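Owing to the predicted nature of the structure, the values given are computational and were not obtained by experimental measurement.
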Number of protein chains: 2
Amino acid sequence: MTTCGPRNPGRTRGNLLRAGIRLFASRGFHGVGVAEIVSEAGCNKRMLYHYFGDKEGLYVAVLQAVYARMEQVETAPLPPEASTAAMICEIMQRHFHFLATDNEFVKLLLWENLNEGRLLARHPGLLTKAPILHQLRTILEAAQSRGEITAADDPRHLLILMIGMCFIHFSNQHTLRQAVDLDMADPHIQAEGLRLAQQMVLAYLGLAPPEANGV
Amino acid sequence: MTTCGPRNPGRTRGNLLRAGIRLFASRGFHGVGVAEIVSEAGCNKRMLYHYFGDKEGLYVAVLQAVYARMEQVETAPLPPEASTAAMICEIMQRHFHFLATDNEFVKLLLWENLNEGRLLARHPGLLTKAPILHQLRTILEAAQSRGEITAADDPRHLLILMIGMCFIHFSNQHTLRQAVDLDMADPHIQAEGLRLAQQMVLAYLGLAPPEANGV
DNA sequence: ACTCTTCATAACCGATCGGTTATAAAGTCT
DNA sequence: AGACTTTATAACCGATCGGTTATGAAGAGT
């Protein structure tokens, strides 16, 4: 497409990375050829090998870049004076909204899982511990010390279910549409799904919903 | 591998289908070559084109075969005299157990979603409505008519969350392992995840857990 | 001005891709 | 026995795959 001009190191690398993110997310590692990537990046095939070593090198860089987008969103501090229920709803809403916004993240995560984490295994440290787990732990411990909740279950299991209730809306969009006849891409449907998920977690913890609805 | 012998129509077709299920599930449509499939099926490449037309034809047959496995499990009748809570737990346990057992189903479903349902769109009727939705609807309506529950939310949304809480354990096995440091392949971890998911749904519906635990 | 590293291109490589052609043996029907 | 359909094989096809070689221009250091 847009040629790279005579010399422009940063831009060529950036173009390749962006093209890689878009194409790998949309069709996976095996589904994309390097010729297509360099065509979209507007440069020669040799440049990919110059900047990233090989196709897999670009793929790793793509994963790093997209994981960084999640960390950036999920490490944002929470409103310190909010109620426990409000904080639970907030981190769920953040996670849900991030998945809804960053389709490329969702797809790359799924590709990597389908690949049985082979790339992740070969490049340890690519994916760090979920920052959201630390937030949830802090919230639950504080609530427990104040006697607001009694359950002492492993917060990791609770987090998995919270993530699962969000993730399903985006990971299984197309098959769910056929299976239950709901358009998961519709923001209204998504909002309803999030609302129900939040209610479910609050009900499990025995917390009343925050002031918005519960009076 | 095992050669097909002089003539054996059913077996060659079956071998190809089985090989296709295993290989497409493990590496997706683009990740597998026809040469590899026929090698595992123990027959010549030409046979694949004879029985299934082309590579995509085999892929469609694979999806059909694996979807049929789910329908078979999830249309089994429920114990008619059980409590509402027990029935909810039962359908969740069944769904969870099916996903835990049939890894190929989980992966093929994810491949197809990542492919944005292109195959599903090209072959309508391949995936039918989820039979589990009908079961859930029946349970909820009966409970509602008996006044056991009050919520009149769309059962489709509840089902999505139930599926999501089960699915996440298998769809994101490898990345979750790194993100929250839990081995999702461990049956004990899985059992705990299911237990928590069941509790969550029951808590949301305002139902006491069935006799097993609640006394 | 001279060298040296970096950024870039075009042409090309062997291997593999999905799919086809040519051919024939095994079974089936009359 | 002879004709015809079905099941099978081997060899091959053009296209494309990921990756390399050969080459040179642009910028930086001296």
#### Entry: Pairs flagged by salt bridge (Lys or Arg N to Asp or Glu O under 4.0 Å) wherever residues 106-119 of chain A is involved - sequence neighbours left out
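Salt bridge (Lys or Arg N to Asp or Glu O under 4.0 Å) check on residues 106-119 of chain A returns Lys107(A)-Glu116(B), Glu116(A)-Arg118(A), Glu116(A)-Lys107(B).
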
### Query
Listed by chain and number, what are the ring pair (Phe, Tyr, Trp, His ring centres under 6.0 Å) partners of His169(A), not counting sequence neighbours?
Phe96(A)

### Task
For dA8(C), take OP1 and OP2 only and decide whether either is under 4.0 Å from a side-chain N or O of Tyr51(A).
yes

### Message
Going by side-chain hydrogen bond (donor to acceptor under 3.5 Å, both in side chains), name the residues that satisfy it together with Gln190(A), two or more places apart in sequence or in a different chain.
### Response
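With neighbours one apart ignored, the set is empty.
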
Whole-Å gap separating [atom2] ([N]) and [atom1] ([X]):
X	N	atom1	atom2	result
His50(B)	dT21(C)	NE2	C1'	16 Å
Leu48(A)	dA8(C)	CG	P	13 Å
Arg11(A)	dA26(D)	CZ	C1'	15 Å
Glu56(B)	dG19(C)	CD	C1'	14 Å
Met47(B)	dT7(D)	CE	P	8 Å
Arg46(A)	dA22(D)	CZ	P	12 Å

What pairs of donor and acceptor atoms, side-chain ones from residues 23-33 of chain B against any protein atom, are under 3.5 angstrom apart with sequence neighbours left out?
from: Arg27(B); atom 1: NE; to: Gly31(B); atom 2: O; distance (Å): 3.4
from: Arg27(B); atom 1: NH2; to: Glu36(B); atom 2: OE1; distance (Å): 2.6
from: Arg27(B); atom 1: NH2; to: Glu36(B); atom 2: OE2; distance (Å): 2.5

### Query
Mind checking what makes salt bridge (charged side-chain N to carboxylate O under 4.0 Å, His left out) contact with Arg22(A), not counting sequence neighbours?
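Applying salt bridge (charged side-chain N to carboxylate O under 4.0 Å, His left out) to Arg22(A) gives Glu40(A).
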
### Message
Can you confirm whether the side chains of Tyr59(A) and Asn115(A) place a donor and an acceptor under 3.5 Å from each other?
### Response
no

What does the list of N/O pairs under 3.5 Å between the protein and nucleotides 14-18 of chain D look like, with a distance for each?
from: dG18(D); atom 1: OP1; to: Val32(A); atom 2: O; distance (Å): 3.1
from: dG18(D); atom 1: OP1; to: Lys55(A); atom 2: NZ; distance (Å): 2.6
from: dG18(D); atom 1: OP2; to: Val34(A); atom 2: N; distance (Å): 2.9

